[in-house]
Amino acid sequence: MLRPDYPITTARLLLRPFQPGDLDDVVAYRGLPEVNRYLFSEPYTRAEAEENLAKWIALREITEDGQWLTTAVTLDGRVIGEVDFSLRSEEHRQGEIGYIFHPAFRGRGYAREATEAMLKIGFEEFGLHRIVAECDVRNEPSWRLMERLGMRREAHLRHHTIFKGEWADCFVYAMLAGEHRNH
């Protein structure tokens with residue numbers, strides 16, 4: 001069972017489980033076409049946001065491989081994005097991270113700050129050996145963030161999947177526990 005010790009505080013942010021009162025903030029960023037450009041989802045309607053928010057609230061800990069834990073990233077009490085964490089393999093101590101932020105808060109280091117906190121939890125609290133992150137190769141801000149985090153590009157998967165009606169390439173980045181300690 002993996003459960004972060006909430007709340008998680010960084011220099012400027014508070015990371016915590018989602019709450020029912022976060023619905024308007026979730027709709028504000030997950031409802032935007034530019035946020036969903038490189039996600040498999042389409043912009044959320046209010047009903048879809050409410051449905052997904054209920055799932056995020058219900059899943060407060062990871063109990064088996066493949067589950068995703070979605071953590072609210074807040075600034076001054078407002079949800080500005082999320083950091084997602086999955087246990088790929090408990091046996092092999094492998095995890096995966098992801099992040100989604102409201103465009104109004106990009107370019108200020110918030111995504112890096114929040115994702116660094118989750119990497120630390122993955123390695124130091126959960127005892128993982130390797131954490132990966134993936135993105136569409138066209139999503140330069142995402143893979144640039146992975147590089148700033150100290151993750152290394154391990155693969156460029158060509159025509160990895162059909163994404164929104166066309167073949168898409170994928171970058172795979174990773175970091176090992178020893179690399180995290182030395183970063």
What heavy-atom pair brings [X] and [Y] nearest, and what distance separates the two atoms?
X	Y	value
M175	H180	SD-CB, 3.6 Å
L53	D22	CD2-C, 4.2 Å
E48	P43	OE1-O, 3.6 Å

Exam field: side chain [X] to backbone [Y], donor-acceptor pair closer than 3.5 Å:
X	Y	answer
Q94	H92	yes
W143	F171	no
T74	L14	yes
D25	R78	no
R108	A104	yes
K164	L39	yes

Are [X] and [Y] grouped together when hydrophobic residues (ILVMFWY) are joined by side-chain heavy atoms under 4.5 angstrom apart?
X	Y	result
V35	I80	no
L145	F105	yes
F85	L13	yes
L15	L87	yes
I8	L69	yes

For residues [X] and [Y], determine if any side-chain heavy atom of one lies less than 4.5 Å from a side-chain heavy atom of the other.
X	Y	value
W68	I62	no
N36	E42	no
L23	R46	yes
Q67	L59	yes
V172	H156	no
M146	C135	yes
T115	I97	yes
F18	T70	yes

Please evaluate residues V137 and E140 with respect to the criterion side-chain contact (heavy atoms from CB on, under 4.5 Å), reporting the C-alpha separation (whole Å), side-chain torsions for both, the decisive distance (0.1 Å), and the verdict.
CA-CA 7 Å; V137 300; E140 185 174 348; over 6 Å; no
Value rounded to 0.5 Å, distance of [atom1] in [X] from [atom2] in [Y]:
X	Y	atom1	atom2	value
R181	L176	CZ	CG	9.5 Å
S89	E96	OG	CD	13.0 Å
I100	S41	CD1	OG	6.5 Å

Using the side-chain contact (heavy atoms from CB on, under 4.5 Å) rule, take W56 and T71 through it: C-alpha gap first, then chi angles, then the decisive distance, then the call.
CA-CA 8 Å; W56 303 338; T71 300; over 6 Å; no
Not counting sequence neighbours, list each pair that qualifies as a ring-ring contact (aromatic ring centres under 6.0 Å, His included) and has a residue in residues 19-43.
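Sorted pair list: F40-F163.
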For side-chain contact (heavy atoms from CB on, under 4.5 Å), just list the numbers for V73 and V79, CA-CA rounded to whole Å, side-chain angles, deciding distance to a tenth of an Å, and then say yes or no.
CA-CA 6 Å; V73 178; V79 176; 6.0 Å; no
Check whether more than 12 heavy atoms from other residues, nucleotides or ligands sit under 6.0 Å from atom CD of E116, and answer yes or no.
yes
Quick one, R152 with E179, criterion salt bridge (charged side-chain N to carboxylate O under 4.0 Å, His left out). Give me CA distance, side-chain angles, the key distance, then yes/no.
CA-CA 10 Å; R152 121 193 66 61; E179 295 168 328; 2.7 Å; yes
Would you please test E134 and R88 for salt bridge (charged side-chain N to carboxylate O under 4.0 Å, His left out) and show each step?
CA-CA 13 Å; E134 298 180 1; R88 282 190 160 190; 2.9 Å; yes
Tell me, with the steps shown, if R130 and E154 meet salt bridge (charged side-chain N to carboxylate O under 4.0 Å, His left out).
CA-CA 12 Å; R130 181 172 181 269; E154 291 189 335; 2.2 Å; yes
Run the salt-bridge test on R30 and E82 with the 4.0 Å N-O cut-off and return the result as yes or no.
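Answer for the salt bridge query: yes.
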May I ask you to check whether [X] and [Y] show a side-chain donor-acceptor distance below 3.5 Å?
X	Y	answer
H160	D169	no
E113	T10	yes
R16	Y6	no
Y44	E51	no

Sequence neighbours excluded and cut-off under 3.5 Å, please list the side-chain donor-acceptor pairs for residues 118-128, or say none.
none

Run the numbers on W167 and I162 for side-chain contact (heavy atoms from CB on, under 4.5 Å), then give the verdict.
CA-CA 4 Å; W167 284 107; I162 295 179; 3.8 Å; yes
Salt bridge (charged side-chain N to carboxylate O under 4.0 Å, His left out) for R37 and E34? Distances and angles first, verdict last.
CA-CA 5 Å; R37 171 62 184 106; E34 65 264 36; over 6 Å; no
